There are 2 protein chains.
Amino acid sequence: MAGVREEKKRKTRQAILQAAVRLFGDHGYERTSIAALARAAGVGKGTIYSYFQTKSEIFLAFCEDELDHVYAEVAKKTGADATLTEQLMALFLGEFRYVTRHKDFGRLLLREMIFPKELTVERSRDLDNRYIDYLSAMCRKAQQRGELRRDVDLLFVCGHFYALYLIAVSAWYMGRLQTEDDVAQALQLLLQQSMEGLLPAGKK
Amino acid sequence: MAGVREEKKRKTRQAILQAAVRLFGDHGYERTSIAALARAAGVGKGTIYSYFQTKSEIFLAFCEDELDHVYAEVAKKTGADATLTEQLMALFLGEFRYVTRHKDFGRLLLREMIFPKELTVERSRDLDNRYIDYLSAMCRKAQQRGELRRDVDLLFVCGHFYALYLIAVSAWYMGRLQTEDDVAQALQLLLQQSMEGLLPAGKK
DNA sequence: TTAAATTCTCGACCATGGTCGACTTTTTAT
DNA sequence: ATAAAAAGTCGACCATGGTCGAGAATTTAA
């Protein structure tokens with residue numbers, strides 16, 4: 001009767017994640033202790049650590065589900081005839097809204113995604129890859145429509161755009177940008193800069 | 001005999017910071033406990049928390065000193081006749097080398113600087129301001145030399161460049177870029193993109 | 001000078017993330 | 001069927017960041 005173990009493991013993992021979704025969702029990440037999570041999942045504390053190496057890893061697993069919502073949301077809102085900049089703005093602002101709905105939650109996610117620890121690198125990269133796929137598809141289409149240079153590496157273009165989004169979010173966390181509108185304006189300006197370039201007109 | 005208190009406070013603060021420099025330097029931030037720090041500084045644990053709100057705040061105070069070295073180092077190495085891109089590369093790579101000398105140290109600093117918590121926002125912004133001053137002076141001169149458009153807000157230009165640096169460092173922490181050379185190459189490419197712009201040649 | 005008021009200091013104490021090894025359950029070998 | 005091996009579970013335990021209130025040091029008021 002091989003397979004009993006497998007089955008149990010799957011269920012336990014599920015239980016932990018479900019409990020995480022509920023508790024993180026209700027009381028936030030920081031205010032949910034591992035002990036409470038274990039209790040809610042109906043397992044021992046040690047068990048949790050045999051499924052996840054660290055608390056933040058649970059958090060990332062929790063996020064994977066959530067991020068799909070953002071994509072769906074954004075995809076719905078942007079018509080197919082939107083320009084690249086419009087699409088980027090929609091994506092980034094959608095993400096911004098989601099990520100900063102709870103300031104602490106967003107900070108943690110960003111910290112973990114942008115400057116991951118060794119332990120969570122793997123997981124961060126998974127999440128990141130999905131993101132890159134999404135973005136680069138968007139850019140490729142823009143390229144085909146002639147909105148984007150063809151002699152550039154798409155990966156670097158995505159990186160470029162994402163970098164601008166990051167600095168805008170950072171400015172918000174730093175208190176330099178206060179409202180969502182401020183962030184939107186700044187981001188728009190930065191994207192424009194990246195499209196037009198920073199060299200003086202004559203020099204190009 | 002007013003003033004005794006002031007004097008003592010100054011000294012205690014100094015003692016804590018000095019101990020921090022030594023212990024963080026010797027064993028790293030994570031491996032230095034507050035208890036040990038208190039012992040080394042010759043004060044009680046509680047006292048430390050009446051000078052700093054949190055451990056990472058001590059860390060940031062510790063960094064302020066350190067960062068000056070980077071600037072000095074970089075300023076020395078770049079001749080006055082270097083192009084903007086060359087200067088930026090020197091600055092960012094200098095910082096990169098410093099920040100990632102100890103991977104954990106750098107991660108912590110970046111996390112705290114880019115996505116600060118409420119408690120350390122103030123301090124992060126101080127550090128950040130000094131950085132911006134430095135960068136924007138660099139850009140202003142480039143503007144005067146005609147290497148940079150004049151119709152752009154310098155703050156946004158600095159933000160743009162710094163964003164590209166960030167994404168490069170992030171890619172290193174994510175394991176997408178492995179060596180310092182990889183980072184340098186990527187950064188160079190990104191900076192070039194930002195100067196030339198991403199629009200197709202005809203569209204500008 | 002003295003005593004009340006204010007400010008500062010301290011370490012016992014608390015909560016929590018993470019470890020460890022004894023114990024239980026499942027699998028494998030015979 | 002049985003016992004040895006392997007895999008998984010558990011909660012007491014540990015280390016550490018941060019809190020708190022009692023008591024010491026300093027300032028102020030008289």
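On a predicted model such as this, the values are computed, not experimentally measured, just so you know. Below, chain A is the first sequence line, B the second, and so on; all start at residue 1.
Under 4.0 angstrom from either OP1 or OP2 of dG18(D) there lies at least one side-chain N or O belonging to Thr54(B). A sub-4.0 Å separation between OP1 or OP2 of dG17(C) and a side-chain N or O of Lys55(A) is present. When the side-chain nitrogen and oxygen atoms of Tyr51(A) are compared with OP1 and OP2 of dT9(D), one or more of them lie within a distance under 4.0 Å. For dC8(C), the OP1/OP2 oxygens have no side-chain nitrogen or oxygen of Lys8(B) closer than 4.0 Å. Taking side-chain N and O atoms only, Ser33(B) has no distance below 4.0 Å to OP1 or OP2 of dA15(D). Phosphate contact (OP1/OP2 of dC10(D), side-chain N/O of Thr47(A), threshold under 4.0 Å): present.
For the pair Phe24(B) CZ and dG17(D) C1', the computed distance is 12 Å after rounding to whole Å. Regarding Leu37(A), its CG atom lies at a distance of 19 Å from the P atom of dA15(C), rounded to whole Å. When rounded to the nearest whole Å, the span between CD1 of Ile16(B) and C1' of dT9(C) equals 11 Å. Glu57(B) places its CD atom 15 Å from the P atom of dG17(D), with the value rounded to the nearest Å. Rounded to an integer number of Å, the gap from His27(A) NE2 to dT16(C) P is 13 Å. Rounding to whole angstrom units, CZ of residue Phe52(A) and P of dG8(D) are separated by 14 Å. A straight line from CD1 of Ile48(A) to C1' of dT16(C) spans 13 Å, rounded to a whole angstrom. For Leu23(B) and dT16(D), the CG to C1' distance is 15 Å, given to the nearest whole Å.
The cationic atom of Lys55(A) (NZ for Lys, CZ for Arg) lies less than 6.0 Å from the six-membered ring centre of Tyr29(A) and within 45° of the ring axis.
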Derivation of the salt bridge (charged side-chain N to carboxylate O under 4.0 Å, His left out) call for Glu118(A) and Arg107(B): CA-CA 11 Å; Glu118(A) 240 73 347; Arg107(B) 184 183 310 111; 3.3 Å; yes
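Residues Glu196(B) and Gln192(B) bring a donor and an acceptor atom of their side chains to less than 3.5 Å of each other.
Ranked by how close their nearest DNA chain C nucleotide is to the 5' end, Ile34(A) and Gly46(A) are led by Ile34(A). Each of Glu6(B) and Glu30(B) lies near DNA chain D, and the nucleotide nearest Glu30(B) is the one positioned closer to the 5' end. Nearest-nucleotide assignment on DNA chain D puts the 5′-proximal partner with Gly44(A), out of Thr32(B) and Gly44(A).
Closest to the side chain of Lys9(A), out of dT9(C), dG8(D), dG18(D), is dG8(D). Distance from the side chain of Lys45(B) is smallest to dT19(D) among dG17(C), dT9(C), dT19(D).
By the 30° and 60° cut-offs, the orientation of the rings of Tyr131(B) relative to Phe92(B) is parallel. Between Phe105(A) and His102(A), the angle of the ring planes goes over 60°, which puts this pair in the perpendicular group of the 30/60° scheme.
Side-chain atoms of Arg5(B) stay outside donor-acceptor range of the base of dT27(D), with no qualifying N/O pair under 3.5 Å.
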